There are 2 protein chains.
Amino acid sequence: MTDTSLISPEALPRGFRFAAVKAGIKPSGKADFALAVADEGASAAAMFTSNRVQAAPITVGRRHLARSGGRVRVVAVNAGNANCATGEIGITACEQVCRAVAEQFQCEGHEVFPSSTGIIGVPLPAEKLVAALPAVVSALRSDPEGFSGFAQAILTTDTRAKVAHASFAVREKMVRIAGVCKGAGMIHPQLVPSTLHTALHATMLVYLFTDAAVDPAALDGFLRGSVEVSFNRISIDGDTSTNDTVLLLASGASGVKVEAADPKFAAALTEVCTSLAKQIVADGEGVGHVVELQIEGAPNDADALKMAKSIAHSPLVKTAWAGSDPNWGRLMAAVGYSGVAVDPEKIAIWFGELPICANGGRAPEYDEKTAHAYLEQREYSIRIALGVGSGQCRFWTCDLSAEYVRINAEYST
Amino acid sequence: MTDTSLISPEALPRGFRFAAVKAGIKPSGKADFALAVADEGASAAAMFTSNRVQAAPITVGRRHLARSGGRVRVVAVNAGNANCATGEIGITACEQVCRAVAEQFQCEGHEVFPSSTGIIGVPLPAEKLVAALPAVVSALRSDPEGFSGFAQAILTTDTRAKVAHASFAVREKMVRIAGVCKGAGMIHPQLVPSTLHTALHATMLVYLFTDAAVDPAALDGFLRGSVEVSFNRISIDGDTSTNDTVLLLASGASGVKVEAADPKFAAALTEVCTSLAKQIVADGEGVGHVVELQIEGAPNDADALKMAKSIAHSPLVKTAWAGSDPNWGRLMAAVGYSGVAVDPEKIAIWFGELPICANGGRAPEYDEKTAHAYLEQREYSIRIALGVGSGQCRFWTCDLSAEYVRINAEYST
């Protein structure tokens, strides 16, 4: 059932066990309740959605991390119900599950980190999760099969499991990082550290595991840096979820102590996060084209990001991509309404290496057929040079297809 | 060919003549070049897109109004080509058309007000418009047929002409206001007065005619007030065009002088603008449902508007509407990521009169079947009370259908 080819035994970080079972929450009847366990406990850092409407597990998870000082023993994830907009009973249901998990592992309730993903506004059937607990606990294993089961169970509208890993050696000892994530719609993560409360949205759940020994404060620094250039740089539909969560756990089982800002660890973590972020876009609902936007020459980096988002959220740009239509006028419109101080006459656009627009008008070399053929590829890049300053960014997004509408307009109850 | 039932002879403002011809710009071969002429000249006020990438006619029209001090003799509109992102040759082409029109009417070039709508980034074939001039001039007429021909010729992806009118009496003399507009996609007008240059987008063209005598400064005040609560309160796809224009002309032919801030005139103008704005949404590309959003209890009116736009631009909310899916969790997510300081536990939502969400959770009276049936209507309202302050707004938007994607993803060259 589980695809163990997702990761090799060598790549799997030491110090964790995983399992998943069917608790009866997903209408499909697939596995929907998963645990990740650090038997010796793990240092933890997390980032959550900045959406002001936050699911119960976000509230509870944030509280637990604060209370435990960044220590996690068990991660408990259910898919099929987001436990969001469920009021006080949602919090109660979430805490009930955490308590039941803590009893099984004889740990504190605040050492359990909860996550939920699925429909919003429907009460979470906590009793189903509690009833499924003994089964999932007895299924825990530290091999690729356990890890792959976890990766499968957290999926909702995703079509495939998403896994990435990296490793490096320190004095002949291996340090491993592996990540697993879900997310295909309501994807425009805008994550903030667990101690901040600003406003964001979309359900993306990401779990990162390492066997390095890292203290929680250092772990938090690594996570912020890597998330900013990966998960905070993607958008499928611009809808920032109420449940977005990225959790990083460090078991220390490798015996290698990693200090704050260690460049090898930072690079490996960013590699894993970037791979997972791109996998999310590639598996987006109804996606036919994955587009890397390269913005340069903006007044500053923040403006470059603002412009990338303006383009990535334009229905007219995204539908043109769906049709492989080289209608660069729609790009110009989105550039113009982004709010960034541009000088239209300085704008240049390339599709890959093809000049499309120069000095704000059609490039002399522009050839519609060639441009159309370029956009028929599954993956490609669009570069926009504003010629104003030195701000830049990379951003990954996708087309908006009739299939996306079909998936999200289907009313089946 | 022209549907003269669009307006009655009595409702048509005096002092104007209209005509349209086929200049060969629209690939469909339909009429695509239209004139509106004020033979005695007219006071004028205009508002333009705030998109920083602006079409040549926006630049030229703004210059002409400044130069003429708010006087217009002829409005010249072409459909099928936006003359945008066409650089200096676009400006030259636009001025060439204006000069040719001015010669025909023996007026100044800056008394001609140009507009273009259609594809962006393709040079405007000015010679086709110049060649068609004698035909359109000889076709000018001051009756419903002329007006209706004008209304038809300015359309692009619209499925029907959009007209509205209002009138009131002052000492037994009639004052008439009639408006005509086009727009079905790239619709999220963010209009600013012609003297400001801020950042907006979508092609909506609106021409408002009155036979009241109003000086340009007073006219400008009326226009700003009416546009703010009508055209600046609609969105089809959130894409603000490079060409959006609203022009208001006052011929004075009624013999009634209207002073600044006259409440009767203001009310009649707002009535016409609101009707046209709603007609644009109703004729939006692929629209199956027209939704009136009523936001109340926001910290202030600006926040209420920000929230309405967050909802109106959410692909997940709009696709749920396409499927008549009462998935109010998606509304909650869009409320939460709007950037407005909300207290989730105070949020209440109604579909029409049906309670959907109360205190941030599912309303006790919520019934999914009833809610689904309500959303199957062609037009309906959604009310969201935030319970924080007294800010409010009304906003009109629509669903996002597979048909919208089909229309905009079609690549036919």
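Order of the sequence lines sets the chain letters (A, B, ...), proteins ahead of strands, with each chain counted from 1. On a predicted model such as this, the values are computed, not experimentally measured, just so you know.
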Side chain / backbone / both / neither for B/Arg406 at chain A, heavy atoms under 4.5 Å: neither
Heavy-atom pair with the smallest gap, counting every atom of A/Asn83 and A/Pro57: O-CD, 3.6 Å
Polar side-chain atom of A/Asp399 near backbone of A/His289 as donor-acceptor pair, under 3.5 Å: yes
Ring centroid separation A/Tyr380 to A/Tyr374 under 6.0 Å: yes
Closest contact, heavy atoms only, A/Ile295 versus A/Ile311: CD1-CD1, 4.2 Å
Least distance between heavy atoms, B/Leu331 atom then B/Ile382 atom: CD1-CG2, 4.3 Å
Which of B/Asn359, B/Thr319, B/Val335, B/Ile120 touches chain A most, by non-hydrogen pairs under 4.5 Å: B/Thr319
Heavy-atom pair count under 4.5 Å with chain B, highest-scoring of A/Gly87, A/Gly360, A/Ala85: A/Ala85
Toward chain B, the part of A/Ser401 with a non-hydrogen atom under 4.5 Å: backbone
Distance in Å, A/Ile25 CD1 paired with A/Thr117 OG1, rounded so as to fall on 0.5 Å steps: 11.5 Å
Part of A/Asn408 within contact of chain B (heavy atom distance under 4.5 Å): both
Heavy-atom proximity to chain B below 4.5 Å, by part of A/Ala341: both
Interface residue of largest heavy-atom contact number with chain A, from B/Pro344, B/Pro315, B/Gly361, B/Ala322, under 4.5 Å: B/Pro315
